[in-house]
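Shown next, in structure tokens, is the structure this report addresses.
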Amino acid sequence: MAGRLSFTVGFLIVASVGLLHGACAASTYTVGDDLGWTVPTNSSYYEEWASQKTFQIGDSILFNSTTGNHTANKVGTREEYDNCTKMGVIVKVGPAVLKNTFDRNGTLYYLCSEGTHCEQGQKMIVKVGDGIAPSFAAPSLAAAAALSALLFSTVAIFFLD
Ligand SMILES: *[C@@H]1O[C@H](CO)[C@@H](O)[C@H](O)[C@H]1NC(C)=O
Ligand SMILES: *[C@@H]1O[C@H](CO)[C@@H](O)[C@H](O)[C@H]1NC(C)=O
Ligand SMILES: *[C@@H]1O[C@H](CO)[C@@H](O)[C@H](O)[C@H]1NC(C)=O
Ligand SMILES: *[C@@H]1O[C@H](CO)[C@@H](O)[C@H](O)[C@H]1NC(C)=O
Ligand SMILES: *[C@@H]1O[C@H](CO)[C@@H](O)[C@H](O)[C@H]1NC(C)=O
Ligand SMILES: [Cu+2]
């Protein structure tokens with residue numbers, strides 16, 4: 001009885017590991033292929049490159065700038081991206097290779113903050129999965145707002161007393 005149960009459990013574990021593995025066949029894409037991550041020949045080069053790919057959770061992109069000093073900044077909004085706003089989370093600096101693995105769906109905006117590289121087209125939009133970020137960030141913000149509203153009203157009541 002126990003033997004049969006553990007056999008069944010063992011089989012289920014093996015089966016689900018197999019399924020998970022199949023579902024997460026991850027790919028690594030070198031940004032810009034042979035060109036790497038540099039100032040491109042035309043300003044839509046990386047946008048075209050990225051739009052031709054289908055990125056899923058578990059996939060990685062590799063920024064290869066071994067021949068030049070480029071950053072990869074992840075900016076938060078489309079407006080910052082369009083403006084080439086030289087800020088955001090710097091995920092890569094200098095002549096190096098960086099691998100960025102996607103752990104959730106969403107739309108990501110990357111740009112190089114060196115000189116006018118971004119203006120010359122060293123930027124790209126990456127859509128992971130359906131491009132929609134999971135909404136757990138929003139509820140936690142809402143929760144924080146609710147909490148601070150609660151604290152605020154508590155303070156207000158305290159002062160009213
Ligand atoms: C940009 O350059 C790439 C590679 O040379 C080419 O495939 C693409 O058609 C060009 N796009 C435009 C808009 O010129
Ligand atoms: C980065 O690009 C250089 C020059 O093209 C190449 O020799 C090197 O193998 C690439 N590195 C990776 C990790 O792809
Ligand atoms: C983008 O640029 C416009 C025009 O210069 C400016 O009004 C706007 O505030 C900028 N937005 C961001 C997010 O930098
Ligand atoms: C790359 O550029 C940054 C920012 O301009 C600079 O601080 C750094 O020294 C440069 N690194 C190399 C290896 O050129
Ligand atoms: C991510 O996007 C894909 C569509 O490409 C969708 O099938 C999947 O359910 C999404 N995952 C999450 C966690 O929203
Ligand atoms: Cu650059």
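Computation of the quantities below employed the complete heavy-atom set of this structure, encompassing side-chain atoms and omitting hydrogens, waters and symmetry-equivalent molecules. Along the sequence shown, residues are numbered consecutively beginning with 1. First listed ligand is number 1; within each ligand, the first listed atom is number 1.
Taking the six-membered ring where tryptophan is involved, the planes of Y29 and W49 are perpendicular, since the angle between them exceeds 60° and thus also 30°.
The protein non-hydrogen atom at the shortest distance from atom 4 (C) of ligand 5 is D130 N, 3.6 Å. From the protein, the heavy atom lying nearest to atom 5 (O) of ligand 2 is D34 O, 4.6 Å. Atom 3 (C) of ligand 2 has T66 OG1, 3.4 Å as its closest protein atom, hydrogens excluded (heavy atom only).
The closest approach between any non-hydrogen atom of R104 and ligand 5 is not below 4.0 Å. The shortest heavy-atom distance from T30 to ligand 2 is not under 4.0 Å.
With a 4.5 Å cut-off on side-chain heavy atoms, Y81 and V75 count as touching. Annotation: side chain of V126 is not in contact with side chain of T107 (no heavy-atom distance under 4.5 Å).
Partners of E119 according to the salt bridge (charged side-chain N to carboxylate O under 4.0 Å, His left out) rule, which considers only residues two or more places apart in sequence or in another chain, are K86.
Ligand-side atoms of ligand 5 in range of Q56: 5 (O), range being under 4.0 angstrom from any heavy atom.
Not less than 6.0 angstrom separates the ring centroid of Y110 from the ring centroid of W37.
Looking at ligand 2, you'll find an N or O of N64 within less than 3.5 Å of one of its N or O atoms.
At least one protein heavy atom sits closer than 4.0 Å to atom 11 (N) of ligand 5. Counting protein heavy atoms under 4.0 angstrom from atom 14 (O) of ligand 5 gives one or more.
H70 contributes ND1 as its N, O or S atom closest to the Cu ion (ligand 6). Among the heteroatoms counted here (N, O or S) of H117, ND1 is the one nearest to the Cu ion (ligand 6).
Between C118 and C84 the SG-SG gap is short of 2.5 angstrom.
One option in T54, N105, I132, I57 has a heavy atom closer to atom 8 (C) of ligand 5 than any other, and that option is N105.
Residue T41 holds its OG1 atom at 6.5 Å from CG of L35, rounded to the nearest 0.5 Å. The line from OG of S60 to CZ of F55 is 10.5 Å long, rounded to the nearest 0.5 Å.
Within the 2.8 Å limit, T38 places no N, O or S atom next to the Cu ion (ligand 6).
Judged by the 6.0 Å distance and 45° axis criteria, K99 is not positioned over the aromatic ring of F63.
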